[in-house]
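A short write-up of the structure that comes next.
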Amino acid sequence: MNQEEKTLRHNIRQIIRHVKQKKLNEEKKFRSLLGKLLEHEIGEMLSESEVPDVDPAPNKSTGINVLEELLKKIVPVLETDFKSLTTSSEQRESFRAHISNAIIQTLTPAKVNNKAGEDSVDTLREFDLDIEEDVEVNIDDAEPAETDKFIDIRTDAEKAAEEPEEEEDPKDSFGSDLGGDETGRNMAYQCFKKIENNIIDSYELLANPEDQELFFDYLLANVKMYFDKFEKELDPNATEPTNQAYDQAKQQDTTTTDPEGGDDFDLEI
């Protein structure tokens with residue numbers, strides 16, 4: 001082996017050692033970087049686990065928070081019954097009109113009663129005291145009952161004619177002034193019976209007038225917008241008549257605000 005060959009082999013070994021050392025150094029750097037990254041990620045996970053889960057963040061209004069929980073209960077019921085009306089769009093239009101009307105008819109008396117209740121408590125107490133002072137009942141002076149002595153001389157036909165009429169079917173009186181498809185009305189009647197108590201119970205949790213007003217307005221708007229969503233899922237090209245209040249609510253739904261600026265109108269469930 002001549003000197004030139006020895007020199008070549010020596011240089012090759014030096015190059016091999018250099019490449020191996022470089023790879024080892026790069027591997028050490030990679031492992032160190034990976035270790036730091038894992039430490040950072042584990043620290044983040046531990047810090048997040050110590051913070052309570054508040055996502056989604058509670059709304060600034062208690063009324064909207066209560067409504068959001070209510071929608072989680074009633075929207076699936078509304079969707080199932082609404083989407084079962086597939087014979088015609090008139091059935092669905094009647095369904096949504098009767099549901100919206102039923103919500104209004106159910107909560108409006110509650111709003112009026114809550115507003116009048118506080119003002120009337122003292123008046124009612126005074127009225128009760130006046131009755132106790134002014135009215136005296138003498139049981140000993142009451143006349144004996146005469147009903148056992150009465151002889152009814154009417155014929156059977158006359159008695160039948162004077163019997164009270166059969167009670168009206170509650171479905172017939174459910175939104176009777178709205179008209180619309182009868183099947184849609186009947187389905188709305190059955191559906192509302194399932195969710196009526198949920199709506200009333202949620203509303204009665206609220207004593208603050210502002211919370212009550214927000215709950216009432218946002219409930220109606222969200223129910224209508226969910227009906228829009230269901231209709232599009234059945235027929236993306238479907239259209240329907242509207243009004244100014246609904247257009248305004250739908251326009252507000254297209255805008256979002258940050259937590260400091262206000263509430264989103266459409267409530268995700």
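Positions are given from 1 along the sequence.
For Glu210, the CD atom sits in a loose shell: 12 or fewer heavy atoms of surrounding residues, nucleotides or ligands are nearer than 6.0 Å.
Using bins of under 30°, 30° to 60° and over 60° for the plane-to-plane angle, the ring pair Phe230/Phe227 lands in the perpendicular bin. Taking the six-membered ring for Trp and thresholds of 30 and 60 degrees, Phe192 and Phe174 have ring planes inclined between 30 and 60 degrees apart.
Under the 3.5 Å distance criterion, with hydrogens and angles disregarded, a donor-acceptor pair is assigned to the side chains of Asp211 and Ser61.
The heavy-atom pair separating Tyr218 from Ile64 by the smallest distance is CD2-CD1, 3.1 Å. Scanning all heavy atoms of the two residues, the minimum distance from Thr86 to Gln91 falls at N-OE1, 4.1 Å. Minimum interatomic distance between Leu71 and Pro76 (heavy atoms only, all atoms of both residues): O-CD, 3.9 Å. When all heavy atoms of Leu219 and Leu67 are compared, the closest pair comes out as N-CD2, 3.5 Å. Ala188 and Ile99 get closest at one heavy-atom pair: O-CD1, 3.6 Å.
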Worked verdict on Lys73 versus Ile195 for side-chain contact (heavy atoms from CB on, under 4.5 Å): CA-CA 8 Å; Lys73 299 175 184 177; Ile195 65 176; over 6 Å; no

Tell me, with the steps shown, if Asp81 and Lys194 meet salt bridge (Lys or Arg N to Asp or Glu O under 4.0 Å). CA-CA 11 Å; Asp81 289 349; Lys194 303 174 192 174; 3.2 Å; yes

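Atom OG1 of Thr106 sits about 9.0 Å away from atom CG of Asn101, to the nearest 0.5 Å. If you take SG on Cys191 and CG on Asn186, they are separated by 12.5 Å, rounding to the nearest 0.5 Å. A distance of 13.0 Å separates CG in Leu178 from CD in Glu93, rounded to the nearest 0.5 Å. One distance of note links CD1 of Ile104 with CG of Leu220; it measures 5.0 Å at 0.5 Å rounding. Rounding to the nearest 0.5 Å gives a distance of 11.0 Å between CG of Asn222 and CG of Asp217.
Using modelled atom types, one side-chain atom of Ser100 and one backbone atom of Arg96 make a donor-acceptor pair closer than 3.5 Å. Using modelled atom types, no side-chain atom of His18 and backbone atom of Gln14 make a donor-acceptor pair closer than 3.5 Å. Checking side-chain atoms of Arg185 against main-chain N and O of Gly179 turns up no donor-acceptor pair under 3.5 Å. No side-chain donor-acceptor contact under 3.5 Å links Ser94 to the backbone of Gly180. Panel note: side chain Gln212, backbone Leu206; a donor-acceptor pair is recorded below 3.5 Å.
The hydrophobic clustering, which links ILVMFWY residues whose side-chain heavy atoms are closer than 4.5 Å, places Ile200 and Val75 apart. Residues Leu78 and Leu107 share a hydrophobic cluster, clusters being chains of Ile/Leu/Val/Met/Phe/Trp/Tyr side chains in contact below 4.5 Å.
Between Lys83 and Leu234 the shortest side-chain heavy-atom distance falls below 4.5 Å. When side chains are defined from C-beta on, Phe215 counts as touching Val66, because their heavy atoms get closer than 4.5 Å. A heavy-atom distance below 4.5 Å is found between the side chains of Leu85 and Met187. Using a 4.5 Å cut-off on side-chain heavy atoms (C-beta onward), Phe82 and Glu231 make contact. Two residues are said to be in side-chain contact when any heavy atoms from C-beta on lie closer than 4.5 Å; Thr108 and Phe216 meet this criterion. Put simply, the side chain of Glu26 does not reach to within 4.5 Å of the side chain of Lys29, judged on heavy atoms. Within the 4.5 Å cutoff, the side chain of Ile199 has heavy atoms near those of the Ile103 side chain.
Using a 4.0 Å cut-off between charged side-chain N and carboxylate O, Lys72 and Glu69 make a salt bridge.
Paired with Asn25 under the rule side-chain hydrogen bond (donor to acceptor under 3.5 Å, both in side chains), one option of Lys22, Gln21, Lys23, Lys28 passes, and it is Gln21.
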